[in-house]
Enquirer: 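I have a structure I would like to understand better, so I am pasting it below and will then ask my questions one at a time.
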Number of protein chains: 2
Amino acid sequence: MKLTEAKQQFISSWGAFGTHWGINRTMAQIHALLLITPDPLTQDDIMDQLNISRGNTNMNIRELINWGLVERILLTGERKEYFSAEKDIWKVIRQIVKERKKRELEPMLKLLDQLEEVEGDKRDRNVKAFVDIVGGIKKLGRQADKTLDAMIRAEESWFIGNMIKLFK
Amino acid sequence: MKLTEAKQQFISSWGAFGTHWGINRTMAQIHALLLITPDPLTQDDIMDQLNISRGNTNMNIRELINWGLVERILLTGERKEYFSAEKDIWKVIRQIVKERKKRELEPMLKLLDQLEEVEGDKRDRNVKAFVDIVGGIKKLGRQADKTLDAMIRAEESWFIGNMIKLFK
DNA sequence: ATGAGTTTTCAATAAATTTTGAAAGTTCGA
DNA sequence: TCGAACTTTCAAAATTTATTGAAAACTCAT
C-alpha cells in the first residue's frame, strides 16, 4: 500500500471511529491528519487536504485545542498560525480520559448523589429498585473515577507493566 | 425529591449521557427506564411512559436485545411480550465493553495491521511519522484488548479489589 | 492610521439521524 | 381457517447536527 492511500484510509477510519464515540467526523479527521503529519500545518493545508471549508476547519481546530490535543504554533517571521498534534499516543489517551472524566463522569456522580436521596419507603419495591440501581452506578462510577485518576497520573511504562502483571 | 421526579431525571440524564457515547437518546432512555423498574414492561408501557411511537420503541428494544442488555420475557398465559433489563451494573458494564470491543477495537486493530505495512523508505520523515503513529496506536490497542478481555472474565469483587490495590 | 494577510463568527443550507404511524406480517386460540 | 392481538417494517416527516462561505474582526508591518 502506498503512503498516500494508507494516510487516506487512516484519516477516514479515524473519522468513522470518532462518530461511535460522540466525536464529530471532521474533528477526528483533522486530528488524524495532524497525528500522521510530522510538520505543523496551517488552516489552509488542512482545508486542502481534507476538502472542508474554512469555517468548519477553524471551529474544529479550536475544539481540538480545547481538548488539549492540538497546539497552536507560531513560527517566527511567519504571519500564519501552524497547528500540531501531540504524537505520544499514551499522552493523547490520558488527555482524552482526563477531559471526558471532567466533562461527563464527575457531573454524573454529582447527579447520582442527589437522586439517591429520593423520598419514600425503602420497602416499596419501586423505591428500592431505584435506589439500588442509582447506588450501584455510583459505586462503580466512584471506583472508575479513582482508577482513571491514577491512570492520568501514571507513566506509560508503569501503567502497562502493572496491567500486564495484573491481567496476564 | 419525589420518586416520580427522580425517575424522570434519571431517564433524561441517562439519555443525554448516551448521546455523548454514540448511543441514541431513545435507546438509552428505554434502558434507563427498564433499569429502574423492578417488573418487566410491555412495549405499550414503555411507549406510554416515554411518550414515543410504537416503531421507535420496537426498534430500540430490539437494539438493546442485540447488545445483550435487555431480555424478552414471556409470561405464561399472556399474549404480550415483556421486557426486562439486567440490573447488576457490573454485568451491564461488562456486556457493553464486550460488545464495543468486538464491534470497534478488534476491527480497528485489524486495519492498523494493514496500514503498518505501508511501502516506502523509513528514512522519509513522512513514512516514519505514519508508521510510528500507527505502531503506537496498535501497541496501546493490543494492551487494551488484553486488559478488557481480563476484565470481561473478571468477577466484580476481584476486579475492584485489584484496582484498589493497584491504584490506591 | 492604513490595509493586506489572517482568523473568527454565524445565519443559512445541507446532511445525517431519529421518529412517526400506518400497513404488512406474525402468532395463536377457538 | 379465521380473526383478534400483537410485533415488525419502512417510507416519509421531523429533528438534530454539521458544514458552508461571506462578512466582520483582528493583527501587525509600514
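Here is how names work: the chains are called A, B, and so on, in the same order as the sequence lines, proteins then strands, and each is numbered from 1.
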Enquirer: Only one of Ile65(B), Thr37(B), Leu33(B) forms a side-chain contact (heavy atoms from CB on, under 4.5 Å) with Phe83(B), so which one is it?
Expert: Ile65(B)
Enquirer: Measure the distance from NZ on Lys80(A) to P on dT7(C) and round it to the nearest whole Å.
Expert: 8 Å
Enquirer: If we ignore hydrogens and angles and just use 3.5 Å, is the side chain of Glu104(B) paired with the main-chain N or O of Phe17(A) as donor and acceptor?
Expert: no
Enquirer: Can you measure Gln43(A) atom CD to dG21(D) atom P for me and round it to whole angstrom units?
Expert: 15 Å
Enquirer: Round to a whole Å and report the spacing from CG of Asn58(A) to P of dC10(C).
Expert: 12 Å
Enquirer: Can you give one letter per nucleotide of nucleotides 16-30 of chain C, going 5' to 3': B for a protein heavy atom under 4.0 Å from the base, S for sugar-phosphate only, - for none?
Expert: --SSBB-----BB--
Enquirer: Treating Ile, Leu, Val, Met, Phe, Trp and Tyr as nodes and any side-chain heavy-atom pair under 4.5 angstrom as an edge, say whether Ile30(B) and Met47(B) lie in one connected cluster.
Expert: no
Enquirer: Look at the rings of His31(B) and Trp14(B) and say which category their plane angle falls in: under 30° parallel, 30 to 60° tilted, over 60° perpendicular.
Expert: tilted
Enquirer: How many whole angstroms separate atom CD1 of Ile61(A) from atom C1' of dT9(C)?
Expert: 15 Å
Enquirer: How many whole angstroms separate atom CG of Leu74(A) from atom P of dT6(C)?
Expert: 13 Å
Enquirer: Charged N to carboxylate O under 4.0 angstrom, Asp121(A) versus Lys128(A)?
Expert: no
Enquirer: Nearest-Å distance, CG (Asp44(A)) to C1' (dG5(C))?
Expert: 11 Å
Enquirer: Figure out the CD/C1' separation between Glu78(B) and dC6(D), and round it to whole Å.
Expert: 12 Å
Enquirer: Rounded to the nearest angstrom, tell me the gap between atom CG in Leu50(A) and atom C1' in dT20(D).
Expert: 15 Å
Enquirer: Measuring from atom CG of Asp132(B) to atom CD of Glu116(B), what distance do you get when rounded to the nearest 0.5 angstrom?
Expert: 9.5 Å
